[in-house]
There are 2 protein chains.
Amino acid sequence: MDKETTIYDIAKELSISPTTVSRGLNDHPAVNKKTRQRIYEAATLMGYRSNTFASSLRKQRTNTIGVIVPMLNSNFQSSVLAGMERVANEAGYNLIISQSLETVQKEIANAKTMFDNRVDGLLVSIAYDTENVDHFEPFFSRGIPLLFYDRVPEHKKCTSIVIDNIQAAYKATAHLIEQGCRNLVHISGSLKVNLYQERLKGFKYALMDNNISFSDACVISTNLSVEAGISAAQQILQMDPMPDGIFVSNDTCAVSCLKTLSQAGISIPNDVAIVGFNNDPITRIVEPNLTSINYPGEEMGEMAVRSLINYLDGASDVAITNTITLRSELVVRASSTRKGEAS
Amino acid sequence: MDKETTIYDIAKELSISPTTVSRGLNDHPAVNKKTRQRIYEAATLMGYRSNTFASSLRKQRTNTIGVIVPMLNSNFQSSVLAGMERVANEAGYNLIISQSLETVQKEIANAKTMFDNRVDGLLVSIAYDTENVDHFEPFFSRGIPLLFYDRVPEHKKCTSIVIDNIQAAYKATAHLIEQGCRNLVHISGSLKVNLYQERLKGFKYALMDNNISFSDACVISTNLSVEAGISAAQQILQMDPMPDGIFVSNDTCAVSCLKTLSQAGISIPNDVAIVGFNNDPITRIVEPNLTSINYPGEEMGEMAVRSLINYLDGASDVAITNTITLRSELVVRASSTRKGEAS
DNA sequence: TTGTAAGCGTTATCAC
DNA sequence: GTGATAACGCTTACAA
């Protein structure tokens, strides 16, 4: 009950060589159909399971993909992971997952672990305070494919999967302007993160293109938490004149801001229209429902793994593809619709 | 740039034996401090990384824990995973994660993969339609520790981590009764799943203890989705007399039910009081805020990994502990508070 | 405190 | 089609 069955045991049982057993189990073409059949039967009968370590050791390939996420318990990240897992699993890869908890130190440690575990490739969404990618250097220099998604570094060496944040933010803002807003505020995440910088850019561009002046006073930089939404709302209530449109860089924060304003007697969307970002399920729960940018998490995960596997199979070269941009769209709901009804 | 550094290379470099290098790197006590220092330096300098496969192959231990979840993209499951990852990582274990997508077939495949990958231990929350645990037999018979959490099988051989669902449901129902409800309905998940059977039991017991009669008509069995909540609400609107209290087995469904009733002109909680289950973030977004059972996902994950590692270290025996029950509590909010205000 | 040598279970290479 | 043999890189008796 305790000793593992090896290909040697099967070989002995069938009076053939271990080599043939190995070939048989790996569907090598040059092996007699009958023999293969016998090998399979014996293997099942004897409770054989292939030893991945021996195999990895020999083949120098692990069939494992590493993933480093900032936080596991966010709706977006878990959708991404769901997509990754599905594709990876179909292709016979395992996923090793670790979280940086939004700190570089842990990200560095995670990267080292992944490296030591010899993942065939790595997928990373970087932490808030990651400012360079030196800790991924071992991957670069060894040619281990490394793909960044969602939160990607500036570093131009890196292949990235993103949405066009500038464009998405532009669309969101332009929509508010279309609805008649003229005095707009943007609630942003940390401007150290280029993701949020880009959304801010999109916001600015939309204002400019519509001849609305922009000043730094229009931007409230926060950590996008529930609390941040509340305090942003309080700031907004103090503004004179009060803005008539708000574009928030995530839904969690947008919802808490919306609720706080609403409780203060502000009518949404008539006094103030609001647009969020991510299209979390909560957009459909808050009243009025929140307009948002649909951010295709599962697809992003699927795409990330698929691209990585392409590199691994040599079907494409990491160096060539540089940025994959996924489509994102504005989902208009009641929180920003001034006339008539939205879906 | 391509060849990996091994302990042999380091040994040669320092003119000592590979054995000493191995010991040095593993902090073996019987090695000269000076030597260890030199080994560390050379290792860093030469870009050495330990080969986990060779090590696993030799040690017959992988430092890997497998996790099979039904669905990655649920708030509860990702909280659990976050807890698991943190504890596992601290203890030097890696997590291999796969999802069954709620089907036994995939669960069987996942179990096999985990087995073939020789995880040191396995954590499982079973799929909707899993009716027995035969596919985990290889783990049982090899003595590989296997822990079930949240959705656990009936099978008494298994160690499980759960909350007391009967008690939680009892508390939720009793609370509704305290608030003056006398005509109660329970919206349940599939009664094939014992989790939901237990919650139904708790519901029944609470009715019985308060001399309220129970009939099967009080139970609406659904898949607990958003849509299910809507159609359950429609059924409820047709009832005569309409119930005055609803206990729903998850928050997603409870919220959509609440909103549908509310839109139909029913006043919550005065006409109908509602209690959900899970304490998802959405409970604090819907108006009125939803009373719910707080289900400690992160703690459950932490506890699961911690117990597993205890078994692995031989600190405790799987056979002995049988069920770990975590505390859960009722969080009272406005959706069920008839007089005064709730937090 | 250090070294020798065997072995973990595969698979690649070469030979038949 | 099949087989012998040598790695892959590490750990651990056992020996010195």
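Numbers restart at 1 for each chain; the letters A, B, ... are given by sequence-line order, proteins then strands. All values below come from the heavy atoms of this structure, side chains included, with hydrogens, waters and symmetry mates left out.
Both tests pass for Arg49(A) against the ring of Phe115(B): distance under 6.0 Å to the centre and angle within 45° of the axis. A cation-pi arrangement, defined by a distance under 6.0 Å to the six-membered ring centre and an angle within 45 degrees of its axis, is absent between Arg58(B) and Phe53(A).
When heavy atoms are screened at a 4.0 angstrom cut-off, Thr35(A) is found touching the sugar-phosphate backbone but no base atom. Within 4.0 Å (heavy atoms only), Ser56(B) reaches no atom of the nucleic acid at all.
Defined by atom type and a distance below 3.5 Å, a donor-acceptor pair is missing between the side-chain atoms of Asn94(A) and Thr64(A). Under 3.5 Å, the side chains of Asp150(B) and Tyr295(B) contain a donor-acceptor pair of N or O atoms.
Interatomic distance, OH of Tyr48(A) versus OG1 of Thr6(A), reported as 7.5 Å (0.5 Å rounding).
The shortest non-hydrogen separation linking Leu72(A) to Gln77(A) is O-CB, 4.4 Å.
Shown here are the salt bridge (Lys or Arg N to Asp or Glu O under 4.0 Å) partners of Arg38(A), two or more places apart in sequence or in another chain: there are none.
Exactly one residue among Glu102(B), Glu107(B), Lys192(B) makes a side-chain hydrogen bond (donor to acceptor under 3.5 Å, both in side chains) with Thr130(B). That residue is Glu107(B).
From the 5' end on, the contacts that DNA chain D makes with chain A at under 4.0 Å to a non-hydrogen atom open and close at dG1(D) to dG9(D).
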task = Give the B/S/- string for nucleotides 6-16 of chain C, one per nucleotide from 5' to 3', where a protein heavy atom under 4.0 Å of the base yields B, of only the sugar-phosphate yields S, and otherwise -.
result = BBBBBBB----
